[in-house]
Amino acid sequence: MSFLRFIFPLFFLISIFVASNAQLSATFYASTCPNVTEIVRGVMQQAQSTVVRAGAKIIRLHFHDCFVNGCDGSLLLDNAAGIESEKDAASNVGAGGFDIVDDIKTALENVCPGVVSCADILALASEIGVALVGGPTWQVLLGRRDSLTANRSGVDSDIPTPFESLDVMRPQFTNKGMDITDLVALSGAHTFGRARCGTFQQRLFNFSGSGSPDPTINSTYLPTLQATCPQGGNNGNTFENLDKTTPDNFDNDYYINLQNQEGLLQTDQELFSTSGSDTIAIVNRYASSQSQFFDDFASSMIKLGNIGVLTGTNGEIRTDCKRVN
């Protein structure tokens with residue numbers, strides 16, 4: 001009897017998960033906004049032509065949105081009555097790309113008013129942004145709806161900071177239904193984009209209170225980083241490439257950098273430098289095969305986009321991504 005009591009709620013939860021994801025479809029807007037992909041691509045191409053980090057900014061927003069309360073566009077909400085914006089949480093301070101989302105939303109509202117959700121905009125724009133700089137493509141499932149609230153406190157508990165050990169990151173992924181391959185594959189999004197000095201400066205001079213730099217930083221890479229982000233300097237708006245080799249392209253050089261101890265963030269280098277970790281073999285596999293990385297990244301992005309989605313009559317379709325209707 002106790003076994004049945006355990007099985008029934010488990011089956012019920014699995015059924016809900018499968019049913020919610022089953023409502024997502026690549027053709028969700030086929031009759032209501034058939035040109036949705038072309039419209040999003042047009043805005044992303046324009047953004048990419050003026051801001052080389054456009055794709056990197058959008059995919060960060062998508063990841064940070066999905067890991068807190070699911071892929072529901074809650075990250076996009078500004079402060080309002082009853083809403084504490086997730087934008088103000090420490091892990092989201094400095095996040096960019098909100099203006100690009102607004103431009104996409106405006107373009108869609110002009111053609112298909114009240115139809116395409118902000119959560120779906122993030123999913124679509126992420127795939128397009130990756131493809132525009134040489135990365136893989138994947139079939140983006142659509143039909144998400146937007147949340148009516150935000151969860152600022154959830155950002156602090158659910159989003160990995162740049163200073164985490166692998167032991168901290170693992171449960172943050174597994175709690176979302178993601179596995180270790182997803183963790184390593186999605187970390188590969190750091191093959192493009194930039195990071196502020198404050199996200200890695202703790203590695204350069206006094207790592208973990210040791211009085212010395214992080215020993216997992218390549219000794220020839222270290223002086224370059226120290227010159228960019230000097231100790232005691234005013235480095236708040238100084239950026240460094242996440243991928244030192246091909247910073248504006250989506251490729252597998254990120255993993256080769258890790259093998260060479262040239263990962264910028266602690267969370268990057270942990271994937272290769274944590275002794276005995278099962279992540280090392282995955283890093284090596286991606287470093288030797290870009291096609292394997294691309295295949296796994298695409299699969300992991302689809303899984304990411306399925307986390308905690310609102311469908312059917314849940315939530316709403318915002319007309320302005322910054323505020324509830």
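Below, all heavy atoms of this structure are taken into account, side chains as well, without hydrogens, waters or symmetry copies. If you read the sequence from its start, that first residue is 1, and numbering goes on from there.
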field: Residues which pass side-chain hydrogen bond (donor to acceptor under 3.5 Å, both in side chains) with Lys87, listed by chain and number, not counting sequence neighbours
entry: Asp78
- request: Output all residues satisfying salt bridge (Lys or Arg N to Asp or Glu O under 4.0 Å) with Asp120, sequence neighbours left out; order by chain, then residue number.
  value: Arg144
query: Is it true that the side chains of Asn218 and Asn260 contain a donor and an acceptor less than 3.5 Å apart?
result: no
task: Verify the neighbour count for atom CD of Glu38: are there more than 12 heavy atoms of other residues, nucleotides or ligands below 6.0 Å?
output: yes
message: Taking Val324 as the starting point, is it possible to reach Leu310 by hopping between hydrophobic residues whose side chains are less than 4.5 Å apart?
response: no
- request: Verify whether the ring centers belonging to Tyr286 and Phe294 lie closer than 6.0 Å.
  value: no
query: Can you tell me if Thr274 uses its side chain to pair, donor with acceptor, with the backbone of Leu271 under 3.5 Å?
result: no
field: Value rounded to 0.5 Å, distance of CG in Asp88 from CD in Glu86
entry: 10.5 Å
- request: Please assess Ser212 against Ser210 for the test side-chain hydrogen bond (donor to acceptor under 3.5 Å, both in side chains), listing each intermediate value before the final yes or no.
  value: CA-CA 5 Å; Ser212 301; Ser210 65; 4.6 Å; no
field: Candidate pair Asn92 and Leu75, rule side-chain contact (heavy atoms from CB on, under 4.5 Å), full reasoning
entry: CA-CA 9 Å; Asn92 290 328; Leu75 171 59; 3.3 Å; yes
message: Just by distance, no angles: are the side chains of Thr246 and Asp251 close enough, under 3.5 Å, to form a donor-acceptor pair?
response: yes
query: Which pairs count as ring-ring contact (aromatic ring centres under 6.0 Å, His included) when at least one residue sits in residues 68-95, sequence neighbours excluded?
result: none
message: Evaluate Asn79 against Arg152 for side-chain hydrogen bond (donor to acceptor under 3.5 Å, both in side chains), listing each step before the verdict.
response: CA-CA 10 Å; Asn79 287 309; Arg152 185 188 297 180; 3.1 Å; yes
- prompt: Salt bridge or not for Lys244 and Glu262, using N-O below 4.0 Å?
  reply: yes
Expected list for residues 39-48: side-chain donor-acceptor pairs under 3.5 angstrom, two or more places apart:
| residue | atom | partner | partner atom | Å |
| --- | --- | --- | --- | --- |
| Gln48 | NE2 | Val52 | O | 3.0 |

query: Going by an N to O cut-off under 4.0 Å, is there a salt bridge joining Arg145 and Asp72?
result: no
- prompt: When you check the side-chain N and O atoms of Ser165 and Asp167, is any donor under 3.5 Å from an acceptor?
  reply: no
query: Using a distance-only test with no angle check, is there a side-chain donor-acceptor pair under 3.5 angstrom linking Thr149 and Ser147?
result: no
message: Going by the rule side chain to side chain contact (heavy atoms under 4.5 Å, CB included), which residues pair with Ser299 if we only count those two or more places apart in sequence or in a different chain?
response: none
message: Arg318: which residues meet the salt bridge (Lys or Arg N to Asp or Glu O under 4.0 Å) condition with it, sequence neighbours left out?
response: none
- request: Report whether Leu265 and Leu183 are members of the same hydrophobic cluster (ILVMFWY, side-chain heavy atoms less than 4.5 Å apart, transitive linking).
  value: no
- prompt: Quick check: does any side chain N or O of Ser126 sit under 3.5 Å from a backbone N or O of Leu122, one acting as donor and the other as acceptor?
  reply: yes
message: Could you see if Val133 belongs to whatever hydrophobic cluster contains Leu242? Use Ile, Leu, Val, Met, Phe, Trp, Tyr and a side-chain cutoff under 4.5 Å.
response: no
message: Just to verify, what does Asp278 make a side-chain hydrogen bond (donor to acceptor under 3.5 Å, both in side chains) with, not counting sequence neighbours?
response: Arg170
message: With a 4.5 Å cut-off on side-chain heavy-atom distances among I, L, V, M, F, W and Y, is there a chain of contacts connecting Leu77 to Val68?
response: no
query: Which atom pair, heavy atoms only, marks the closest approach of Pro160 to Phe63?
result: CD-CE2, 4.2 Å
query: Can any side-chain N or O of Gln269 pair as donor or acceptor with the backbone N or O of Gly263 at less than 3.5 Å?
result: yes
- request: Could you check whether the rings of Phe67 and Phe173 sit parallel, tilted or perpendicular, using 30° and 60° as the cut-offs?
  value: perpendicular
statement: Taken in chain and number order and not counting sequence neighbours, the residues that satisfy salt bridge (Lys or Arg N to Asp or Glu O under 4.0 Å) with Glu109 are Lys105
- prompt: Which heavy-atom pair separates His62 from Cys71 by the least distance, and what is that distance?
  reply: CE1-SG, 4.3 Å
message: I'd like to know if the side chain of Gln226 reaches the main chain of Leu204, judged simply by a donor and an acceptor atom lying under 3.5 Å from each other, with no hydrogens or angles considered.
response: yes
- request: Starting at CG of Leu124, measure out to CG of Leu142 and round the result to the nearest 0.5 Å.
  value: 4.5 Å
task: Could you pull out all residues at least two apart from Phe200 that satisfy ring-ring contact (aromatic ring centres under 6.0 Å, His included)?
output: none
message: Under a 3.5 Å cutoff, is there a donor and acceptor pairing between the side chains of Asp296 and Thr181?
response: no
field: From CA spacing to verdict: side-chain contact (heavy atoms from CB on, under 4.5 Å), Gln259, Tyr255
entry: CA-CA 6 Å; Gln259 291 177 322; Tyr255 298 101; 6.0 Å; no
query: Is the closest side-chain heavy-atom distance between Phe239 and Thr228 below 4.5 Å?
result: no
message: Nearest 0.5 angstrom please: Cys112 SG to Asn35 CG, how far?
response: 7.0 Å
field: From CA spacing to verdict: side-chain contact (heavy atoms from CB on, under 4.5 Å), Lys176, Asp158
entry: CA-CA 9 Å; Lys176 304 299 181 184; Asp158 293 351; 3.2 Å; yes
message: Show, in sequence, the C-alpha distance, side-chain angles and deciding distance for Asp248 and Arg194, and conclude whether the salt bridge (Lys or Arg N to Asp or Glu O under 4.0 Å) test is met.
response: CA-CA 9 Å; Asp248 300 328; Arg194 314 281 188 269; 2.8 Å; yes
- request: Could you name each residue pair satisfying salt bridge (charged side-chain N to carboxylate O under 4.0 Å, His left out) that touches residues 53-66, not counting sequence neighbours?
  value: none
query: Should Leu141 and Ser25 be marked as a side-chain contact (heavy atoms from CB on, under 4.5 Å) after you check the CA-CA gap, both sets of side-chain angles, and the distance that decides it?
result: CA-CA 5 Å; Leu141 303 180; Ser25 166; 5.7 Å; no
field: Atom pair SG/CG of Cys118 and Asp320 - distance to nearest 0.5 Å
entry: 7.5 Å
field: From Phe192 atom CZ to Asn249 atom CG, the distance as rounded to the nearest 0.5 Å
entry: 10.5 Å
field: Chi angles and distances behind the side-chain hydrogen bond (donor to acceptor under 3.5 Å, both in side chains) call for Ser289, Asn252
entry: CA-CA 8 Å; Ser289 174; Asn252 69 331; over 6 Å; no
Spacing of CG belonging to Leu264 relative to SG belonging to Cys197, to within rounding of 0.5 Å: 9.0 Å
query: For Ile317, does its backbone N or O pair with a side-chain atom of Asn325 as donor and acceptor, under 3.5 Å?
result: yes
- request: Give the cluster check for Val115 versus Leu76: same hydrophobic cluster or not, with ILVMFWY residues linked at side-chain heavy-atom distances below 4.5 Å.
  value: yes
With Lys303 via salt bridge (Lys or Arg N to Asp or Glu O under 4.0 Å) - residues at least two apart: Asp179, Asp182
Distance-minimising heavy-atom pair for Gln261 and Tyr221: O-CD2, 4.1 Å
field: Set of residues satisfying side-chain hydrogen bond (donor to acceptor under 3.5 Å, both in side chains) with respect to Asp268, sequence neighbours excluded
entry: His190, Tyr254
